[in-house]
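Order of appearance sets the numbers: ligands from 1, and atoms from 1 within every ligand.
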Amino acid sequence: MTLDGTAHTIVMTGASGGIGLAAATSILRLDPAVRLVTIGRTPGPFHERVTHRRADLGSVAQTTAALDAIVRAAGAKELPPVDGFVGNAGVQSVSDLYETEDGYEATFAINVLANLLAVRSLENIFARPSRVVITVSDTHFGDLRHNLGMVPGPRWMPPERLSRAGSFPKPTSVRAGRTAYSTSKLAAIHLVHALARDLPAGVDVVSFNPGLVPGTGLARDGGRATRFAMARVLPLLTA
Ligand SMILES: NC(=O)c1ccc[n+]([C@@H]2O[C@H](COP(=O)([O-])OP(=O)(O)OC[C@H]3O[C@@H](n4cnc5c(N)ncnc54)[C@H](OP(=O)(O)O)[C@@H]3O)[C@@H](O)[C@H]2O)c1
């Protein structure tokens, strides 16, 4: 990634709200040479240096089509060199039963698989140096200190099982949905390590843990108590 005034492109998911919208807005403010290409269901920041590619990251076909379009645009020099990918999109569900059109459990598909698809699509066009940043979380620790008791710890199992709905005990429960979340974030850390071993020299990959950030849309599917705590109580504790 460059901050020397040379035009360059960062591809980003999860830029439409919460942590990602704040990050995208800062990137645009701090780096006048950056072109941002956002991928998601909803456009990211409306800005002259932002291009949006519409895709539900829970769909392999839609995600791949958006990435292919970016690769083509970079190849045709319609975009400055791509030297960054920020995989920030994430979901937390109220059960472990949401399935994508491809038959994957939705949390795993969006929080893990979409990042893998993005990096694999972009790795042949990444400039040197480039950087991949994947948003992870404290929840993989699974302890009270990191989670305030709000999210159960991860339950690791082979990815072919983790990627399928109904893998955690009592899959209809909120607890199962949150276990799927913490486990997906552990899987994202494993993914970062695997990519670090595998990506070519000059392409770095790091995980980014924002810590607890109340007031975002992450708990939008949670019960009333969770939404109230995230929107009203925790912001007071972290102010
Ligand atoms: N808030 C926290 O305390 C916290 C702590 C640690 C880590 N994180 C992580 O930080 C990241 C951002 O979370 P946030 O708290 O800012 O939540 P948020 O406000 O709900 O933002 C989530 C982002 O992901 C996008 N997204 C979700 N599902 C998608 C899908 N199927 N297709 C395309 N885009 C999708 C959303 O876009 P649309 O819904 O508009 O499509 C949105 O831009 C996540 O990876 C989360 O796990 C959050």
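Residue Val91 has at least one heavy-atom neighbour below 4.0 Å for each of these atoms of ligand 1: 27 (C), 28 (N). Residue Gly14 has at least one heavy-atom neighbour below 4.0 Å for each of these atoms of ligand 1: 23 (C), 24 (O), 25 (C), 43 (O). Which parts of ligand 1 touch Leu212 is read off a 4.0 Å heavy-atom cut-off, strictly below it: atoms 3 (O). Residue Gly17 approaches ligand 1 through these ligand atoms, each under 4.0 Å from one of its heavy atoms: 19 (O), 43 (O).
Under 4.0 angstrom from ligand 1, there are no non-hydrogen atoms of Ala114.
When hydrophobic clusters are built by joining Ile, Leu, Val, Met, Phe, Trp and Tyr residues whose side-chain heavy atoms come closer than 4.5 Å, directly or via intermediates, Leu191 is grouped together with Ile39. Both Val119 and Ile125 are part of a single hydrophobic cluster, where members link through side-chain heavy atoms under 4.5 Å apart. Under a hydrophobic-cluster definition in which Ile, Leu, Val, Met, Phe, Trp and Tyr are linked whenever side-chain heavy atoms come within less than 4.5 Å, directly or via other members, Met157 and Phe108 are assigned to the same cluster. Two different hydrophobic clusters hold Ile19 and Leu21 under the rule that ILVMFWY side chains link at heavy-atom gaps under 4.5 Å.
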Per-pair distances, 0.1 Å, donor-acceptor, side chain in residues 142-152, under 3.5 Å, sequence neighbours excluded:
from	atom 1	to	atom 2	distance (Å)
Asp143	OD1	His146	N	3.1
Asp143	OD1	His146	ND1	2.7
Asp143	OD2	His146	ND1	3.2
Asn147	ND2	Val151	O	3.1

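The closest donor-acceptor contact from the side chain of Thr38 to the backbone of Met12 lies at 3.5 Å or more, if one exists at all.
Of the N or O atoms in Gly20, none lie within a sub-3.5 Å distance of an N or O in ligand 1. Taking any N or O of Tyr181, backbone or side chain, at least one lies under 3.5 Å from an N or O belonging to ligand 1. Some N or O of Ile19 is nearer than 3.5 Å to an N or O of ligand 1, by distance alone. Close N/O approach between Gly217 and ligand 1 is found [any backbone or side-chain N/O within under 3.5 Å]. Ligand 1 has no N or O atom lying under 3.5 Å from any N or O atom of Ser137, backbone or side chain.
With distances taken over non-hydrogen atoms, the option nearest atom 44 (C) of ligand 1 out of Thr135, Leu218, Thr42, Asn88 is Asn88. The option from Ile110, Val136, Asp56 that lies nearest to atom 7 (C) of ligand 1, judged by heavy atoms, is Val136. Between the choices Thr13, Leu57, Ile134, the shortest heavy-atom distance to atom 32 (N) of ligand 1 belongs to Leu57. For atom 24 (O) of ligand 1, the choice among Gly211, Pro43, Ala89, Ala55 with the nearest heavy atom turns out to be Ala89. One option in Ala15, Gly90, Ser16, Gly18 has a heavy atom closer to atom 36 (C) of ligand 1 than any other, and that option is Ser16.
Screening residues 169-208 for ring pair (Phe, Tyr, Trp, His ring centres under 6.0 Å), with sequence neighbours left out, gives Trp156-His190.
Remark: distances from the non-hydrogen atoms of Gln92 to ligand 1 are all 4.0 Å or more.
The closest side-chain heavy-atom distance from His52 to Ser16 is not below 4.5 Å.
Asp31 has no carboxylate O lying under 4.0 Å from a charged side-chain N of Arg49, or vice versa, which leaves the two without a salt bridge.
More than 12 heavy-atom neighbours from other residues, nucleotides or ligands sit within 6.0 angstrom of CZ on Arg164.
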